Structures are given as C-alpha cells and as structure tokens.
Amino acid sequence: MNKNEKFVISINREIGSGGRTVGRKLAEKLGVAFYDKAVIKALEEKFNLSVEDIEKRKGGEQSWWSEMKRMVNLGANGINAARYFVPSEDDNDDKMITDEMFRVEKDLLQDIAKNESCVIAGRLGFYVLKDHPNHLNILIQASMPFRIERIMRKQGLSSKEAEKVIEKVDKMRENYVKEYTKTSRYDTRNYQLVISMDELSEDDVVEHIIDYINRSSKK
C-alpha cells in the first residue's frame with residue numbers, strides 16, 4: 001500500500017479483540033476518517049437510503065458523498081459506537097441482512113473509498129474493496145481468554161455471559177460473511193496482515209501497522 005496516494009485500510013476483527021479501537025487510533029495517527037457500523041448505520045437511517053437513492057445522488061452535479069459527509073458532520077472524529085453489539089435472547093443466530101441492505105452498504109463503502117483515504121472497520125470491507133487499487137486488508141484476532149476478559153471489563157458481564165456473547169456474534173458474523181462473499185472471515189488469504197492482540201497493546205499494534213505501511217510505501 002502506498003500511503004502517499006489515496007488509500008483504504010479495511011480492518012476485520014473478532015469481537016473482544018480490541019480491533020475496532022485499533023482502527024480508530026490508526027485513523028487518527030494517519031489523519032484520515034474512520035468508518036464503522038455506527039457511521040454506516042447513521043447514514044442509512046438519516047437518509048433512508050436505497051440503492052436507487054445512491055444512484056440518483058451520484059448522478060447529481062455535486063459530489064453526493066461530499067454533500068452527505070457535510071450534512072452529518074462525519075470525518076476522522078465522526079460517529080463512534082460506544083459499546084459492543086450484545087445480542088439478546090430473541091436474536092436469530094442465522095438472521096442475515098437483506099440483499100438490499102448489503103447493496104446499500106457496498107455502494108456506500110465503495111464511494112467512501114473512492115472519495116477519500118480512510119480506515120474502515122468490518123462491514124465486509126476486505127471483500128467489498130478488494131478491487132481498490134491501493135488498499136490494505138487486516139485481520140485482528142485474540143485468544144478466547146483475552147476476549148472474554150475484555151468484554152467482561154467493558155460490559156460488566158460475567159465470564160459465562162461474555163463467552164456467550166462471543167460465540168453468538170462470531171457465528172452471526174461468519175454466517176454474514178459466507179452468505180455474501182462465499183469465503184470465511186478467518187481465511188488468512190483475504191488479508192495482508194493478520195495480528196494477534198494477546199501480547200500487544202492497541203498502540204503497539206497501531207505502530208506495527210504503520211511500520212508495515214511505511215515499508216510497503218518504499219517498494
């Protein structure tokens with residue numbers, strides 16, 4: 001990846017690994033925008049977007065993305081989710097988003113990456129942006145004890161409750177990835193970097209990624 005040209009970094013991460021925080025800190029370090037589920041959902045809800053709406057906005061005289069970004073005041077310090085997604089007992093393990101919702105997110109991500117350098121957490125970025133000419137795909141993982149401890153601390157859950165959350169979210173995310181990409185989120189061939197958080201701090205990982213980018217930019 002060449003950091004001197006428009007780029008996109010996609011971070012896929014396991015819940016409880018700290019990967020989302022790494023993504024946010026990495027974006028701050030690089031001085032670019034950070035986008036995750038909270039930002040994309042905010043855009044969809046604010047504008048009630050459909051694929052047709054996006055196509056109409058693209059056809060306008062002004063850049064539709066610049067207009068939307070200005071209206072919702074997004075950017076490197078944009079909307080951020082404060083908590084993990086914790087599924088309820090009524091959630092369907094195998095429930096998928098609709099094809100329309102996937103197409104909306106796909107179009108949003110591709111246009112975001114087309115218009116600016118950014119870091120994107122989740123949202124199938126590793127797949128949706130695979131044809132971007134200057135991209136870096138990263139997978140951030142951690143051991144189960146590490147993830148359980150982190151979710152217990154962040155959410156105030158018991159060990160068993162935290163483990164249940166992890167198992168449920170892992171299954172839902174893997175089903176989602178398989179449904180729309182026909183691959184596994186754990187297939188390391190989808191990434192340039194695979195990092196384990198167990199022996200590292202979030203800042204350590206950010207510096208490791210920055211070092212990798214700097215080395216790549218020299219080639």
Side-chain angles (χ1 to χ4, degrees), residues 1-40 74-78 80-81 84 105-106 108-147 149-151 154 166 169-170 173-174 176-177 180-181 183-219:
M1 191 195 87
N2 186 348
K3 68 176 182 179
N4 299 315
E5 299 177 1
K6 192 178 297 180
F7 63 83
V8 58
I9 299 172
S10 171
I11 296 182
N12 204 353
R13 74 273 186 242
E14 293 182 313
I15 184 172
S17 67
R20 183 186 168 279
T21 303
V22 168
R24 177 179 55 78
K25 288 188 172 187
L26 177 63
E28 291 174 355
K29 193 84 171 181
L30 293 171
V32 300
F34 173 66
Y35 298 102
D36 65 356
K37 180 178 181 178
V39 173
I40 301 303
L74 296 176
N77 297 311
N80 287 315
Y84 292 116
E105 288 198 356
K106 179 179 178 181
L108 277 173
L109 292 183
Q110 288 178 340
D111 271 72
I112 288 170
K114 179 181 178 181
N115 281 281
E116 62 181 322
S117 293
C118 58
V119 176
I120 295 173
R123 318 320 301 155
L124 292 184
F126 78 91
Y127 175 79
V128 170
L129 303 170
K130 59 185 172 63
D131 294 325
H132 191 284
N134 193 29
H135 74 280
L136 173 63
N137 289 339
I138 301 170
L139 174 64
I140 295 181
Q141 300 177 306
S143 67
M144 185 62 77
F146 181 99
R147 298 166 71 193
E149 191 281 329
R150 184 181 175 87
I151 291 181
K154 292 283 187 177
I166 289 171
V169 173
D170 279 354
R173 287 181 176 175
E174 177 69 354
Y176 173 48
V177 170
Y180 290 102
T181 72
T183 186
S184 169
R185 64 199 292 258
Y186 301 108
D187 188 338
T188 58
R189 291 171 294 186
N190 292 316
Y191 312 97
Q192 285 80 44
L193 278 178
V194 178
I195 302 172
S196 172
M197 292 289 296
D198 284 59
E199 303 297 330
L200 301 170
S201 70
E202 292 152 357
D203 290 332
D204 288 336
V205 174
V206 169
E207 290 304 317
H208 177 65
I209 296 171
I210 294 289
D211 181 63
Y212 177 89
I213 292 171
N214 288 336
R215 292 172 183 271
S216 299
S217 297
K218 293 178 181 179
K219 292 182 179 179

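Values reported hereafter were calculated over all heavy atoms of this structure, with side chains retained and with hydrogens, waters and symmetry mates removed. These numbers were taken from a predicted model, which means no experiment stands behind them.
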(message) Applying salt bridge (Lys or Arg N to Asp or Glu O under 4.0 Å), can you list everything that pairs with Asp187, at least two apart in sequence or on another chain?
(response) Arg189
In Å, rounded to the nearest 0.5 Å, how long is the span from [atom1] of [X] to [atom2] of [Y]?
X: Lys3; Y: Leu136; atom1: NZ; atom2: CG; result: 13.0 Å
X: Met1; Y: Arg215; atom1: CE; atom2: CZ; result: 14.5 Å
X: Thr21; Y: Asp203; atom1: OG1; atom2: CG; result: 10.5 Å
X: Tyr212; Y: Gln192; atom1: OH; atom2: CD; result: 5.5 Å
X: Arg185; Y: Tyr176; atom1: CZ; atom2: OH; result: 11.5 Å
X: Ile166; Y: Glu14; atom1: CD1; atom2: CD; result: 8.5 Å

(message) Treating Asn190 as the side-chain partner and Ser184 as the backbone partner, does any N or O pair qualify as donor plus acceptor under 3.5 Å?
(response) yes
(message) Between Asp36 and Ala121 (side chain of the first, backbone of the second, donor and acceptor by atom type, cut-off under 3.5 Å), is there such a pair?
(response) no
(message) If the threshold is 4.0 Å, N to carboxylate O, is there a salt bridge linking Arg147 and Asp170?
(response) yes
(message) Any carboxylate oxygen within less than 4.0 angstrom of a Lys/Arg side-chain nitrogen, looking at Glu202 and Arg13?
(response) no
Heavy-atom closest pair, residues [X] and [Y]:
X: His135; Y: His132; result: ND1-O, 2.8 Å
X: Tyr186; Y: Gln141; result: CD2-NE2, 3.8 Å
X: Thr183; Y: Val177; result: O-CG1, 3.5 Å
X: Tyr191; Y: Asn12; result: OH-ND2, 3.0 Å
X: Lys6; Y: Ala113; result: CD-O, 3.8 Å
X: Ile140; Y: Ser17; result: O-OG, 3.6 Å

(message) A side-chain contact here means heavy atoms from C-beta on lying under 4.5 Å apart; do Ile195 and His208 qualify?
(response) yes
(message) Counting C-beta onward and ignoring hydrogens, is there a side-chain heavy-atom pair between Lys106 and Tyr127 closer than 4.5 Å?
(response) no
(request) For Thr181, enumerate each residue passing the side chain to side chain donor-acceptor pair (under 3.5 Å) test, keeping only those at least two apart in sequence or located in another chain. (result) none
(message) The criterion is side chain to side chain donor-acceptor pair (under 3.5 Å); which residues satisfy it with Lys29, sequence neighbours excluded?
(response) Glu207
(request) Begin from the C-alpha positions of Leu109 and Tyr35 and carry the test side chain to side chain contact (heavy atoms under 4.5 Å, CB included) through to its verdict. (result) CA-CA 9 Å; Leu109 292 183; Tyr35 298 102; 5.6 Å; no
(request) Carefully, step by step, assess Ile9 and Ile213 under the rule side chain to side chain contact (heavy atoms under 4.5 Å, CB included). (result) CA-CA 10 Å; Ile9 299 172; Ile213 292 171; 3.7 Å; yes
(request) In sequence, state the C-alpha distance, the side-chain angles, and the governing distance for Val119 and Ile11, and then conclude on side chain to side chain contact (heavy atoms under 4.5 Å, CB included). (result) CA-CA 7 Å; Val119 176; Ile11 296 182; 4.0 Å; yes
(request) With side chain to side chain contact (heavy atoms under 4.5 Å, CB included) as the test, would you mind laying out the steps for Leu30 and Ser117 before giving the verdict? (result) CA-CA 9 Å; Leu30 293 171; Ser117 293; over 6 Å; no
